[in-house]
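First the proteins, then the strands, lettered A, B, ... as listed; each starts at 1. Just so it is clear, the structure is predicted and the values come from calculations on it, not from any experiment.
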Amino acid sequence: MNEITRIRSDFPILQREIKPGVPLIYLDSAATSQKPSLVLDSMSEYYARHNANIHRGVHTLAEEATELYEAARGKISKFIHARSHTEVIYTRNTTEAINLVAYSWGRKFLKPGDIVLLTEMEHHSNLVPWHILRDSIGIELKFIPVTADGLLDMAEYEKLLQLEPKLVSFTHASNVLGTINPVQEMARSAHRAGALVLVDGAQSVPHFSVDVQQLDVDFYAFSAHKMLGPTGIGALYGKRELLEKMQPFMGGGDMIREVRLEGFTANELPYKFEAGTPAIAEAVGFGSAVDYLTQIGMDAIHQHELEITKYAYSLLMNLPGVTLFGHEKQKRGGVIAFEVAGIHPHDVAQLLDSDGIAVRAGHHCAMPLHQKFGIPATTRASFYMYTEKSEIDKLILGLKKVQKLFG
Amino acid sequence: MNEITRIRSDFPILQREIKPGVPLIYLDSAATSQKPSLVLDSMSEYYARHNANIHRGVHTLAEEATELYEAARGKISKFIHARSHTEVIYTRNTTEAINLVAYSWGRKFLKPGDIVLLTEMEHHSNLVPWHILRDSIGIELKFIPVTADGLLDMAEYEKLLQLEPKLVSFTHASNVLGTINPVQEMARSAHRAGALVLVDGAQSVPHFSVDVQQLDVDFYAFSAHKMLGPTGIGALYGKRELLEKMQPFMGGGDMIREVRLEGFTANELPYKFEAGTPAIAEAVGFGSAVDYLTQIGMDAIHQHELEITKYAYSLLMNLPGVTLFGHEKQKRGGVIAFEVAGIHPHDVAQLLDSDGIAVRAGHHCAMPLHQKFGIPATTRASFYMYTEKSEIDKLILGLKKVQKLFG
Amino acid sequence: MDDMYREAIIEHYKNPGYHGVLEPADISFEDNNPLCGDHLRIDLRIDAGGCITEAAFSGHGCAISQASADMLLGSIIGKPLDEVKKMNKQDILDLIGIELGPVRLKCALLSLKVLKSAAYGIHQGESVELDLD
Amino acid sequence: MDDMYREAIIEHYKNPGYHGVLEPADISFEDNNPLCGDHLRIDLRIDAGGCITEAAFSGHGCAISQASADMLLGSIIGKPLDEVKKMNKQDILDLIGIELGPVRLKCALLSLKVLKSAAYGIHQGESVELDLD
Ligand SMILES: Cc1ncc(COP(=O)(O)O)c(C=O)c1O
Ligand SMILES: Cc1ncc(COP(=O)(O)O)c(C=O)c1O
């Protein structure tokens, strides 16, 4: 409790009032996290003292900027336990990381009729890149079904693997159901069946310790903005052997070794995939976010979120007229999506907002999952290291008021 | 002089000393510009008060963030005189903007054998995307030659247009030669020949007033970080009719209207091309950079740079052993690349750095242009609104010292 | 909490005056807002002089979209179709009388979009851009 | 200004002791640094016991790359080839005696890279990753 007060004081926005006397209750961290001063200060400091373009510069600022940019990559690489910092490619976000694989690996190694296996619980980021690829080169998409209680159907998964997909791509943690998928086992099965594995880590890396070597995944994608870092930057982890065989994605400065009018030769990893002036200040902020997370400790963060989620789950479950999605017994990530009978999620969210409570309403970029459950939209509360039990109490109170108003 | 002192005081980094007693002389703005407090403060304020994910959120923060993000787009759109803010797509940088056109327009509308016309003075950003496209779909690339004095050969251009290229893509201002190309006339000729026109505006939008409608270009690409804005964001302007016909680039959240397991429908402009959580804080900073530029006035900025460049050019020209690149009489942009006889640019740049003077040494991402002139590298000094004559004097002094040391 | 939801909105949502379908109708149009799953259909009956004599909406959606549909239809009975064509965002905002952020604005404008599409005689499935500003 | 450029570097650059080519050489290797256009070739003569008896470099580049090549060759005459295989970044830094940022480090290391490639008998054009750390 002391600890969480201290943590909250590191986040300037948590001092904000939405209206005079109405403090912000931020329960939308799955959409994007808030940022501690450490992260903001590191970026301001970068701009105020070191700002320069990187890699090709000889002068002091260029050297400092390059060092900061690469030091951040080193931190991120260590954070996810990559073998080498050359396996960490900066992207704009999770979405770009997945698109990079679809373009650079997919267009080189997939042929018409090849199967890419996805799941029904994917975020649009892990669906649409494959739709685009299918429409352009004729691959086939299959989906691991989601069971009624929000888990992946593992028996079906094993059957689908018999179709010999070339790639299995799925989320580590669902941003709607809270489900945490058994990545290690799924990767093992996939590899046994000869498939590569891409994992969408947007909702996992921010919340618990991830070891890409131990999980033995081939690609892993995540976003800084969901893990205390700035917008505009994310990362793709990829195994070196794979990244080396892939074709470049975007062309331009920095990703080349040599350019002539007639053609170019690509740069070494990781630069091969970083075209043009990158998000330098954002990389610095990303590195500081990792510093902050490491300092608090990923296990402590996970523990806190499990507790908050359990607390919220049990209170919400006991609210009449409220239906929760996802499996209750399973260890869940800190997101709870629910329906309030007879009241549209937009109305729920807007009424809660007038009490300062920020929740999300909609399909949360998982329309197919909502279609599966036969509802167009849900309300979602999501938690992070700075979420307090008292905020959950206010959410419950708020929901009761909404129900009364519509009653 | 009063004015420039005031301007300089807005840029925190210009107060920096590289070593005790050695102030920073930043002559590398063509690589990236420095940032005024206004820009840095707008981003800090965004994170400390408004940070949320955009577009789909109902709560106050989400609405504020969406409004700030879109207001910035409006400012940028007005700044380049686009017809509508829906014609301005956020990208990471100029490089991504050009790649977007190569992927989304090129792969849909170009066929094997179709010609894309570039120039010999292009930055790698406007060469390699076309190399990649050629290697993948078999288009043909042709190049408008650069004359000995650093201009595009207009007679050759007219001849090349007779080959009926589908696209002419060239830089508005060269980052090595300082040449400012006659975009309006070139676009007119291109259109007459039935070609579309893409202009690389990385070195123009920051330095003088650009009106995309008056120039009548089809696409225009630029980066925030070169115009006082943050890293991690840039923009592509495109004519609405064209953007509408193009296929999506990356797939994911926000760029869709609807997603089912079987497929997706794309969102309206400009969102169709913005997949995943965008660089929100960076957009806010980009908007503030435009505010700052507008407040100083693009004509005043251009005037100041012409003056500084003329001053630098005449002093450099009179240094024995120093050879300047680019056309002297032509109105030039604020970059001067030069050779110092017998001394490698890296040595020049490093020795200048020990006196706090930041210049760039290398091929400046224009290897083909350097090959053309038969030299692997040059030293480049580049200027911006905050460059003072006294800084040019120090550059000259520094060069004399370098020559003495190697003499 | 309820300052944004004037009683009138809740009232129109719970007890709409124009909910239903007209069979047969002179004009019908339907559309949806995929972002929130709202779906709205509007049926109109028009007299010889081109005036709206009857109107009804059906579908599902949030209180804002449903209430604004109900209020909107209430405001157009007896009016000529041509007048409907001139209606814009501000008319809706005046009707519902609360401030709306960009997301909720789309909910409120769905009914206007469907109504104007009907008024202009746009065919179902045709893609036409309507000016609502 | 010149603190970074010890006199020794300028001196080796202007008056190198090992500039030239050996025809015939026992081993030759060349490589370049496309970023700055530096190009370096190293020729070696080896005696029956596997020791370096003669060495020469040619090509062009900045003072750092040329001077470090000259110093490096000066330090290996008489040494067994196997010892050269063990040399690393620190050896070069010790030789030139100044601190270098990442870009200039590449200039300084070009000679080591070429020398080690020669020592390992790598064929020209073969792509091998050498550990210089
Ligand atoms: C003419 C020109 N085009 C394109 C670029 C690429 O810009 P960015 O690295 O921001 O994509 C630059 C800057 O390096 C440039 O000077
Ligand atoms: C599971 C999941 N995948 C992918 C994404 C996309 O992340 P981004 O928008 O940062 O690319 C999100 C977040 O919205 C997510 O929750």
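Closest non-hydrogen pair, Cys62(C) versus His346(A), comes out as CB-CB, 4.1 Å.
With values rounded to the nearest 0.5 angstrom, Leu405(A) atom CG is found 10.5 Å from Ile9(C) atom CD1.
Contacts between residues 66-80 of chain C and chain A, counted as heavy-atom pairs separated by less than 4.5 Å, involve no residue at all.
Of the charged side-chain nitrogens involved, at least one lies within less than 4.0 Å of a carboxylate oxygen, so that Asp347(A) and Arg104(C) count as a salt-bridged pair.
Atom NZ of Lys372(A) has more than 12 heavy atoms from other residues, nucleotides or ligands within 6.0 Å.
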### Task
Verify side-chain contact (heavy atoms from CB on, under 4.5 Å) between Leu100(C) and Gln350(A), making sure each step is shown before the conclusion.
CA-CA 10 Å; Leu100(C) 290 174; Gln350(A) 189 169 347; 4.1 Å; yes
